[in-house]
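Only one structure is covered here, and it is reproduced in the block below.
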Number of protein chains: 2
Amino acid sequence: MTYRSPRAIGFAPPHDVTEGMGRMGRQSGTDADGQRRSTVTDVARRAGVSTATVSRVLNRNYPVAAATRERVEKAIQELGYVVNAHARALAGVSGRTVGIIVNDVVDPFYAYIARGVEREASRGGRLCLVCCTQGDPQRELAFVELMHERRADAVIVVGGSVADRAYTGELARRATELDADGAKLVLCGRPPLGERVPTASVEYDNEGGAFALTDHLLTQGHERVLYLGGPPGLSTTRDRLAGHRRALELRGAEADPALEQPGAFSRAFGARRMAEVLRQDIRFTAVFAANDIVAAGAAQALEEAGLRVPQDVSLVGYDDVPVAQEMRPRLTTVHVPLEEMGRQAVRVALRDEDEDPWREPTTGVIRLGTHIVVRDSVAPRGTHRGRT
Amino acid sequence: MTYRSPRAIGFAPPHDVTEGMGRMGRQSGTDADGQRRSTVTDVARRAGVSTATVSRVLNRNYPVAAATRERVEKAIQELGYVVNAHARALAGVSGRTVGIIVNDVVDPFYAYIARGVEREASRGGRLCLVCCTQGDPQRELAFVELMHERRADAVIVVGGSVADRAYTGELARRATELDADGAKLVLCGRPPLGERVPTASVEYDNEGGAFALTDHLLTQGHERVLYLGGPPGLSTTRDRLAGHRRALELRGAEADPALEQPGAFSRAFGARRMAEVLRQDIRFTAVFAANDIVAAGAAQALEEAGLRVPQDVSLVGYDDVPVAQEMRPRLTTVHVPLEEMGRQAVRVALRDEDEDPWREPTTGVIRLGTHIVVRDSVAPRGTHRGRT
DNA sequence: CTCCGGACAGTAAACGCATTCTATGGGCTG
DNA sequence: CAGCCCATAGAATGCGTTTACTGTCCGGAG
């Protein structure tokens with residue numbers, strides 16, 4: 001038999017469903033009123049063994065005679081004993097927790113990453129702390145701190161960040177403190193904090209994807225493409241916009257400032273701003289939405305304005321979340337391996353402690369590939385009448 | 001000055017961003033190599049006070065002279081000290097954690113509820129443990145246990161459940177054990193576990209909503225309505241189907257077994273089964289999708305079959321997640337206050353311990369209202385040609 | 001001038017579990 | 001049959017905080 005094996009979650013040998021033996025038999029402590037939560041000591045007393053032995057049957061990390069084990073397990077059942085993870089953590093065992101901080105769990109971009117994190121975490125027998133910043137960097141900082149207090153094995157911050165000096169410094173400080181405690185701050189889909197700051201990170205190529213997309217549009221004959229959405233100042237927006245511009249420049253297309261309309265990552269923004277732009281005197285034959293959600297909003301506004309996609313206007317998005325496949329026409333976009341990013345984030349953070357402790361401590365940087373996926377929302381320029 | 005005030009998360013007085021004072025000065029322990037994580041004792045030593053005093057400035061729950069406080073805070077800064085939540089919890093302070101268990105964070109039904117839970121939790125200064133069962137009751141049970149081990153203040157299980165006897169008993173057992181430890185199991189959108197089992201719960205009216213929806217369809221002249229989707233055996237499916245049948249019966253419409261096509265809650269199922277049904281010889285003039293996601297799938301299949309909604313076939317969904325408003329035509333559905341359910345779930349579980357401890361221990365049951373929201377996906381029977 | 005109470009600060013005992021040593025049999029080897 | 005080693009079980013110690021209890025110092029009332 002092998003000991004010391006932190007198992008994945010689920011399918012634990014199910015407890016005997018000894019139906020309604022409803023908590024009668026309290027006989028542990030010396031307290032007079034209702035039953036107190038029982039401890040290892042109580043279990044030990046009831047089984048007639050020492051606390052050490054109880055601990056050992058609990059953790060299966062040391063041989064215990066079958067007969068003894070059974071007595072202990074019986075006592076555990078009867079007492080309804082549940083180990084105290086805090087005490088266990090305090091005694092030196094990992095808390096088996098990873099934290100993830102996102103803008104909003106409802107947004108599919110974050111939801112898929114969160115799913116990846118959660119799956120990989122529970123595969124390693126860990127639980128997952130999830131927090132939502134609602135876009136507020138102060139909350140993000142506060143959450144990182146709180147997760148550090150709970151001694152999370154890793155804290156994963158997800159999505160683009162603002163380039164504020166004070167904020168960045170503060171986050172770097174926390175990264176360093178986490179590192180000093182053997183934990184890791186993982187940057188998931190956001191730029192590094194600087195050479196000296198000990199972090200791990202999982203990246204994907206925003207600039208490159210955007211370049212490919214705009215290049216695709218250009219190749220189809222579109223010269224004036226409207227860039228729509230994305231919070232200005234956010235690294236994600238900056239990078240995608242950079243790729244877009246580079247493609248434009250490379251093909252010698254003019255860069256009209258009126259064609260850049262950043263704002264937000266929401267469907268509502270996409271619809272509203274698209275409608276506004278349509279009312280103005282801005283010429284374009286294609287729309288590059290900062291992400292698929294914005295694209296969905298734009299598509300709606302386009303449709304309501306009587307414009308057909310792709311016959312009248314071509315449209316592309318970014319991220320390849322489900323809505324991209326569900327739209328009609330199906331959206332051409334850049335596929336980002338969201339769930340895989342989540343998985344890798346916990347892997348890169350944990351591989352030091354789960355594997356041989358001998359290996360060099362890793363400051364991992366994982367870079368995941370993206371690729372453009374061509375669907376039905378782009379048509380060659382020649383076939384449509386363009387937009388005034 | 002008031003002491004003892006657990007504050008909401010965010011906007012804590014920002015630490016001085018004393019930029020690059022990068023962890024030089026290690027002088028705490030006696031260990032030779034790199035700095036060790038510092039403890040209250042280290043801080044106390046450095047500030048020249050006792051650990052009790054440090055604890056008091058940390059928790060602001062006892063008067064400390066201003067000068068002393070400053071020295072301590074300085075020491076904390078310099079050491080990069082971060083309190084250990086495990087030790088704190090062990091010493092008797094609440095772990096300030098709530099757990100939520102869902103099928104899948106990506107599904108908007110769960111995502112919105114999770115968002116509500118997270119928001120309400122962090123409003124109370126708590127962090128949120130999130131787990132995904134992927135539909136497996138065994139994993140759910142395992143997660144409840146794990147959260148209990150971590151001494152979560154509340155464990156919220158979300159969504160319909162199967163009526164398996166062993167599973168139910170096991171869950172009841174855990175609910176009882178949680179209760180004995182002063183925590184609460186919260187049933188969110190699922191039927192109670194029985195009179196004797198100490199749980200809190202947040203419900204909404206599946207049966208009633210479904211009744212209203214089918215009644216609406218019937219009123220519009222539809223007599224043969226296809227019920228599509230929802231895992232058979234799941235309480236949610238059972239209840240919605242029950243409401244549907246009751247309306248049918250009340251209006252004297254015939255209940256054709258062929259018109260009931262349960263299966264899953266996914267878009268893919270909706271599309272596939274809809275397409276299959278269209279190929280068969282089943283007459284119907286309206287479709288009642290078990291939820292909005294299934295409705296979206298069905299809409300797609302309908303469109304691909306050349307059938308228009310609502311001219312040829314009427315369609316309704318359930319839950320009122322965003323896709324319902326985004327579909328064209330906009331989907332008539334039942335609005336369920338998902339996010340509010342999440343908020344209420346943590347409230348009902350926590351109101352005992354956050355408010356006056358005098359009040360009667362509550363076994364709360366909260367019932368939230370739902371209402372049908374009529375949009376554009378249903379038309380009176382007369383206007384369309386029906387379906388063979 | 002003495003005594004008392006208030007404002008602070010320190011001491012030490014939990015909190016519940018893991019783990020390191022140490023002790024005790026019993027089976028085996030030689 | 002003596003001496004050993006292995007399999008097990010117990011005793012004791014430490015993990016980092018909080019929190020009763022105890023002081024101690026000081027100013028003002030009597």
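Each chain gets a letter, A, B and so on, in the order the sequences are listed, and its residues count up from 1.
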- request: For B/R56 and B/Y62, indicate whether the former's side chain and the latter's backbone hold a donor-acceptor pair under 3.5 Å.
  value: no
message: Please check: side-chain N/O of A/T97 versus main-chain N/O of A/G95, any donor-acceptor pairing under 3.5 Å?
response: yes
Rounded to whole Å, how long is the line connecting atom [atom1] of [X] with atom [atom2] of [N]?
X	N	atom1	atom2	value
A/R37	C/dC15	CZ	P	11 Å
A/L90	C/dA18	CG	P	11 Å
A/H86	D/dT18	NE2	C1'	14 Å
A/L58	C/dT19	CG	C1'	14 Å
B/R88	C/dG16	CZ	C1'	18 Å
B/N61	D/dT17	CG	P	15 Å
A/N59	C/dA18	CG	C1'	7 Å
B/R45	D/dT17	CZ	P	13 Å

Judged by modelled atom types alone, do [X] and [Y] share a side-chain donor-acceptor pair under 3.5 Å?
X	Y	value
A/Y167	A/Q138	no
B/R69	B/T53	no
B/T176	B/R196	no

Show the distances under 3.5 angstrom between N or O atoms of the protein and N or O atoms of nucleotides 21-24 of chain C.
none

Taking NZ, NE, NH1 and NH2 as the nitrogens, is one of them in [X] or [Y] under 4.0 Å from a carboxylate oxygen of the other?
X	Y	result
A/R96	A/D153	no
A/D181	A/R151	yes
A/R123	A/E120	yes
B/R173	B/E170	yes

message: Taking 4.0 Å as the cut-off, does a side-chain nitrogen or oxygen of B/T68 come that near to OP1 or OP2 on C/dC8?
response: no
Residue-phosphate contact under 4.0 Å: B/N84 side-chain N/O, D/dC15 OP1/OP2: no
- prompt: Taking for each residue the nucleotide of DNA chain C with the nearest heavy atom, is it B/R71 or B/A91 whose nucleotide lies nearer the 5' end?
  reply: B/R71
Residues in contact with DNA chain C, drawn from residues 47-55 of chain B - heavy-atom cutoff 4.0 Å: B/G48, B/V49, B/S50, B/T51, B/A52, B/T53
